[in-house]
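Data block below; observations after.
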Amino acid sequence: MTTSLGQPHAAAIFWFFLFVAATLAITFWAARRTRSTEHFYAAGRSVTGLQNGLALAGDYMSAASFLGIAGLVAVSGFDGLIYSIGFLVGWPVVTFLIAEPLRNLGRFTFADVVAYRLQQVPVRIAAAFGTLAVVTFYLIAQMVGAGNLIKLLFGIPYETAIVIVGVVMTAYVLFGGMLATTWVQIVKAVLLIGGAFLLAGLVLARFGGNPLALFAAAAEAHGGQVLGPGQLVADPLDALSLGLALMLGTAGLPHILMRFYTVPDAKTARTSVAWATGFIGFFYLLTFVLGFGAMVIVGPDAIKAVDKGGNMAAPLLAEAVGGTGFLGFIAAVAFATILAVVAGLTLSGAAAISHDIWVNVVRGGHAPEREQFLVARVATVLGALSSVALGIVFKGENVAYMVGLAFAIAASANFPALVMSIFWRPFTTRGAQASMIVGTLSALLLIFLSPTIQVGLLGQATAPFPLKNPGLVTIPLAFAVGVVVSLLTPEPDAATRFDQMQRRLHLGPDADA
Amino acid sequence: MRTLSPDPEPEGSAPRRALEALALAQWRLALRLTVAMLSVYAGFTLLVAWAKPLLATPIVPGLSIGIALGVLVIVTAWVLIWIYVRWANGHYDRTVAALRKG
C-alpha cells in the first residue's frame, strides 16, 4: 500500500503544534504557581485522585507500549499481548504495598521513605545510585525511540528530533515543575486513550462492533496460531523472569513513585492508583484490537516493509481506516507520548540529584529553600542535556533491551529496599545500602552476561548467564542480601523508630507534626 | 487540624494495641492480594511457555483460550484492587479516623 508516512505532513504538523502550544500555555500558567520546592517536586500536593490517576497513566504508557505492542501483535499475534498483560499486573502491587506508605512517609523521592528511620547519608547515596541507573536506561530507550519514531512519522532528521524533544521537555520541567509535568501527562493520557479508543472504534465498525469477529478474521487470514503463544516465550524460566521484573519493577520506577507526593493525602493516593489501573488496563485491552486490526487491515508484510520492528502498525492502521488527517493526529499523539514520559523521567532524575544528593548528603539536610530550588533547576538542565547527548550517542544502536533492564534494576534495587523499610522492623542502614547496591550491580552484570547482550549484540554463540532478563535471580538476591546484612548489623535506633514510623504510616504526617 | 502527640502511645495501651492490630490487618490483606496477583500472573506466564497448543485452542471462533485468559488476568487485577480499596475505604479509614480522634 502507499502511505504518506515519513513526509512532513500538514495534519501531523498542525496537531503537533497544537499540542506543544497548549502544553506550553499550561507551563506558563504553572510557572507562576511554582515558587518553592514543594511546588517544583510535588505540585503543592494539590492534585486530585482522578487527575493523578490520569497522570500516572500518562507517565507509564510510553510510545513503546502504544506503537511497540500494537506492532508486535500486528506482526506476531498473541505474543504482543504478553507485554500488555505484564505491564499491567504491577499496578495492584503498587496499590497494596507502596502508594499509601509513600505518601505518608516521604516528601519528594522514594529515598525519603527508605531513609525514614535509617541513617540518611549512606541510604540516600545508594538510593540515588539505583534511581539514576533506572532513569538513565529508561531515558536512553525513550530518546533513541523518539529520534527513530519522529524520523519515521514526520521525516525530520534524527538529531533535530532529539533536540526538539530535549528543548520542549526542558521548558515543561524547568519552568512549570511538577504542576506542568502533571498536566502534560494528563493531556497526553487523554489524547492517547482517546486516540486509541477512536482508532479501535473505526476498526471494529468494519467488524460489526464485535472484537471476536476481528480476531476470527485474523485467524482466517493468517492461521489459527496467531491467537495462541508463538516463539517470544520459549523457556518458562525466561518468561517468569521477565514477568517478575515487569511486575515488581513498576513498583520501583522513580518517576511513578514520585507522583504519589502530588496528592493531598494517603486516601487520595489510593484512589489515584485505582483510577490509573483502570485507565491503563483499558488502554492495554484496546491494544488487542489495534494489533489484530493492523494485522487484518494493513497486513504484517506491509507493516514490516515500513519498519522491520513493526512500530508503525498503529499509524498505518490509522491512515487505512481514517485517512491522512487521522494519521497526522495519531503521529502527533505518539510524539506527545514521548515528550511526556521523558519530562517525568527527567524530573525524577533531577530530584534524586538535588533532593537526595545535594540537600541531604552534601548539605546534611539543611539547605536554604532558595538554594534547594536553584539546585533542582540546575539538575533539571543537566538531566536534559545528558538525555539529548545520550540520545545522540546511542543513535542506531539496538536499545530495546534497555526498557527491560530499567525494569529489572527498579525491581531489584528499589522495590526490595522500599518494601523492607516499610514493613520489616529489623531492617538496618547497612542492609538497605547492601540490598540497593547489590540489586543494581547484579542486574547490570547479569544483563551484560545474558543472551540479550552476548548473543544479540556481541554476536557470541552462547552466553554465560542463561536468562534474557535477570529478575528471577536479582530480585530474590536483593531481598536475601537485605535480610542477611540487616541481621548481621543490628541497629537498635532504627528498630525503635519503626514504631513511630508505623504510627505516621497509618495516621498520616500530621500525626507527628 | 488537630496535632497529635509526637510519641507513640505507651506499649500495651489500648490505642497502641488498636494501631498494631490495624497495621497487622493491612499487611495481611496486602500480602494475600499481592500473592494472589503474583500467582495468577505466574500461572498465566507458565501456561504461555508450556501449554502453547492449549492456549491456541478456540472456545468460539475468534476467541482462543489464551486471549480469554489474558483478558481475565487484566480483570483479576481490577477485581483485586477493588477488594482492597473497598476494605481500605471502609474498615481501615474508619479505624484510622477513630485512632486520630484518640
Inset, instruction - Return yes if a side-chain donor-acceptor contact under 3.5 Å exists between A:Thr268 and A:Asp265, otherwise no. - result: yes

Legend entry - Residue B:Val75 versus chain A: region with a heavy atom under 4.5 Å: neither

Inset, instruction - Using a cut-off of under 4.5 Å on heavy-atom pairs, state which of B:Val73, B:Ile67, B:Val96 scores highest against chain A. - result: B:Ile67

Inset, instruction - Look up atom CZ in A:Phe215 and atom CE in A:Met295, then write down how far apart they are to the nearest 0.5 Å. - result: 11.0 Å

Legend entry - Selection from A:Ala213, A:Pro236, A:Ala239, A:Gly77 maximising heavy-atom pairs under 4.5 Å formed with chain B: A:Pro236

Legend entry - Pairwise distance CD1(B:Ile65) to CG(A:Leu227) - rounded to 0.5 angstrom: 12.0 Å

Inset, instruction - Specify which of A:Leu81, A:Asp238, A:Leu244, A:Leu285 makes the most heavy-atom pairs with chain B at under 4.5 Å. - result: A:Leu285

Inset, instruction - Report the option among B:Ala49, B:Ala36, B:Ala51 that has the most heavy-atom pairs separated by less than 4.5 Å from atoms of chain A. - result: B:Ala49

Legend entry - Carboxylate-amine/guanidinium proximity below 4.0 Å for A:Arg425 and A:Asp499: yes

Legend entry - Max heavy-atom pair count under 4.5 Å with chain A, selected residue of B:Val60, B:Val40, B:Leu38: B:Leu38

Inset, instruction - Quick one: which of A:Val93, A:Thr277, A:Leu214 has the most heavy-atom pairs under 4.5 Å with chain B, could you say? - result: A:Thr277

Inset, instruction - Identify which of A:Ala266, A:Gly278, A:Gly224 forms the greatest number of heavy-atom pairs closer than 4.5 Å to chain B. - result: A:Gly278

Inset, instruction - Could you tell me which of B:Val85, B:Leu22, B:Thr34, B:Thr45 has the largest number of non-hydrogen atom pairs under 4.5 Å with chain A? - result: B:Thr34

Inset, instruction - Could you check which of B:Leu33, B:Leu29, B:Leu46 has the highest count of heavy-atom pairs closer than 4.5 Å to chain A? - result: B:Leu33

Legend entry - Region of A:Ala274 in contact with chain B, defined by heavy-atom distances below 4.5 Å: both

Legend entry - Heavy-atom pair count under 4.5 Å with chain B, highest-scoring of A:Pro229, A:Pro211, A:Ala217, A:Gly228: A:Pro229

Inset, instruction - Evaluate whether atom OH of A:Tyr83 has more than 12 neighbouring non-hydrogen atoms of other residues, nucleotides or ligands under 6.0 angstrom away. - result: no

Inset, instruction - Please check if the distance between the ring centroids of A:Phe498 and A:Tyr116 is under 6.0 Å. - result: no

Legend entry - Check: A:Phe282 ring centroid to A:Phe197 ring centroid under 6.0 Å: yes

Inset, instruction - Check whether the side chains of A:Glu100 and B:Tyr92 place a donor and an acceptor atom closer than 3.5 Å, and report yes or no. - result: no

Inset, instruction - Check each atom of B:Ile81 against the heavy atoms of chain A and say whether the ones under 4.5 Å are side chain, backbone, both or neither. - result: both

Inset, instruction - Determine the option with the most heavy-atom pairs under 4.5 angstrom with chain A, choosing from B:Asn89, B:Val71, B:Leu31. - result: B:Asn89

Inset, instruction - Using non-hydrogen atoms and a 4.5 Å limit, figure out which bit of A:Leu88 sits close to chain B: side chain, backbone, both or neither. - result: side chain

Inset, instruction - Determine the minimum heavy-atom distance between B:Phe44 and B:Gly66, stating which atoms define it. - result: CE1-O, 4.0 Å

Legend entry - Other residues, nucleotides, ligands: >12 heavy atoms within 6.0 Å of A:Lys267 NZ: yes

Inset, instruction - Check whether B:Leu19 gets within reach of chain A through its side chain, its backbone, both or neither, counting any heavy atom under 4.5 Å. - result: side chain

